[in-house]
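Index from 1, following the sequence.
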Amino acid sequence: MIDCWASSGSFPEGVGVIKRITAQLSYIDGLDAKERYFMLVQSMGVAPGRFTINVMIDACAKAADALRAEHYFAMLPTYGHERNAVSYNSLIDAFGRAKQFDRCFELARRMKSDNIEPDAVTYVHLIKAAVDARRPRLVTELIDEAVACGRPSPQLFGVAIPALARVGDLDGVRRCLADVHRLGLKLRPETYSSIADRLEHTHPAEARELRRTVERMIQAPPKL
């Protein structure tokens with residue numbers, strides 16, 4: 001498809017160019033290949049839209065290439081696009097995967113200063129960064145902030161609780177499980193099993209209770 005369009009020097013008619021570009025980017029595997037396609041489109045005089053650039057930031061994040069992610073992030077205002085939560089989330093993810101955790105938290109502050117509200121995805125990425133940075137207190141602070149802002153999600157707790165269990169923060173685990181119950185969220189049985197595995201040697205009674213929770217979940221009849 002790329003070679004065909006390049007040789008013809010034009011894009012197919014009848015479909016919005018930006019939509020076609022973005023759709024094609026989504027099907028191209030690998031950051032380098034996506035970038036070659038993106039540069040080809042630019043050379044043909046087509047200005048990328050915000051969604052297209054966000055796709056590139058996300059691709060950089062998945063490759064843990066924070067430098068290139070930041071390059072595309074900086075490109076957004078160049079083309080007259082405002083950054084949104086998706087832009088910031090992908091860049092935070094990129095720095096988290098690159099193990100540059102302080103940059104993740106710095107971007108979260110910058111996000112708020114740009115009057116962009118963090119969403120559930122933002123908090124998941126930040127909690128992952130706090131977990132990998134071995135900062136359990138920050139994990140609980142981020143959970144409290146997410147709950148207070150109305151941004152809790154099963155994925156958020158699924159990341160945070162096993163991490164707190166791994167470092168032996170039983171109070172943090174209990175608080176999170178209480179929040180899950182109070183908010184009516186549903187965690188997967190595997191999440192409870194993972195927590196129990198991590199508590200097995202240090203807090204066997206808590207581990208047994210979590211395993212009973214898994215058994216009840218598995219044995220519960222499906223809702224019609």
**Donor on one side chain, acceptor on other, Ser87 and Asn84, under 3.5 Å** = yes
**Asked** Are Arg110 and Tyr88 in a cation-pi contact, defined as NZ or CZ under 6.0 Å from the six-membered ring centre and within 45° of the axis?
**Response** no
**Request:** Without swapping roles, check the side chain of Ser90 against the backbone of Val86 for a donor-acceptor pair under 3.5 Å.
**Result:** yes
**Message:** In the structure I gave you, are the side-chain heavy atoms of Pro154 and Lys186 within less than 4.5 Å of one another anywhere?
**Reply:** no
**Item:** CG on Asp144 to OG1 on Thr140, rounded to 0.5 Å
**Value:** 6.0 Å
**Prompt:** In terms of side-chain geometry, is the basic nitrogen of Arg175 or Asp179 positioned less than 4.0 Å from the acidic oxygen of its partner?
**Reply:** no
**Asked** Can you find a heavy atom in the side chain of Leu25 that is under 4.5 Å from one in the side chain of Val41?
**Response** no
**Prompt:** Under 4.5 Å between any side-chain heavy atoms of His71 and Met56, yes or no?
**Reply:** no
**Any residue meeting side-chain hydrogen bond (donor to acceptor under 3.5 Å, both in side chains) with Asn89, in chain and number order, not counting sequence neighbours** = Asp119, Thr122
**Prompt:** Does any non-hydrogen side-chain atom of Phe101 lie less than 4.5 Å from one of Lys99?
**Reply:** yes
**Request:** Please report the shortest heavy-atom distance between Phe157 and Pro162, naming the atom on each side.
**Result:** O-CD, 3.8 Å
**Request:** Taking Arg83 for its side chain and Leu76 for its backbone only, find out whether a donor-acceptor pair lies under 3.5 Å.
**Result:** no
**Complete:** Closest non-hydrogen contact found for Ala63 with Leu31 is CB-CD2, 3.9 Å
**Within 45° cone and under 6.0 Å: Arg103 NZ/CZ vs Phe95 ring** = yes
**Item:** Close side-chain approach of Val55 and Phe38, heavy atoms under 4.5 Å
**Value:** no
**Item:** Minimum heavy-atom distance between Leu156 and Tyr123, given as atom pair plus value
**Value:** CD1-CB, 3.6 Å
**Prompt:** Hey, does Lys62 have a side-chain heavy atom less than 4.5 Å from the side chain of Asp58?
**Reply:** yes
**Complete:** Scanning both residues in full, the closest heavy-atom pair of Ile92 with Cys104 reads O-SG, 3.4 Å
**Message:** If the threshold is 4.0 Å, N to carboxylate O, is there a salt bridge linking Asp93 and Arg97?
**Reply:** yes
**Request:** Looking only at non-hydrogen atoms, find the nearest pair between Pro136 and Leu164 and report the distance.
**Result:** O-CD2, 3.8 Å
**Request:** Can you sort out the partners of Glu200 under side-chain hydrogen bond (donor to acceptor under 3.5 Å, both in side chains), two or more places apart, ordered by chain and number?
**Result:** Arg211
**Prompt:** Who passes salt bridge (charged side-chain N to carboxylate O under 4.0 Å, His left out) against Arg50, sequence neighbours left out?
**Reply:** none
**Leu67, CG atom: more than 12 neighbouring heavy atoms under 6.0 Å** = no
**Request:** Please tell me if the side chains of Asp169 and Val139 come closer than 4.5 Å, counting only heavy atoms from C-beta onward.
**Result:** no
**Carboxylate-amine/guanidinium contact Glu209 Arg212, below 4.0 Å** = yes
**Fill in**
Heavy-atom nearest pair, Ser153 first then Leu185, reads C-CD1, 4.1 Å
**Prompt:** Can you tell me if CZ on Arg137 sees more than 12 non-hydrogen neighbours from other groups inside 6.0 Å?
**Reply:** no
**Message:** Looking at Arg151 and Cys149, would you say the former's side chain and the latter's main chain have a donor-acceptor pair under 3.5 Å?
**Reply:** yes
**Asked** Taking NZ, NE, NH1 and NH2 as the nitrogens, is one of them in Arg68 or Asp32 under 4.0 Å from a carboxylate oxygen of the other?
**Response** yes
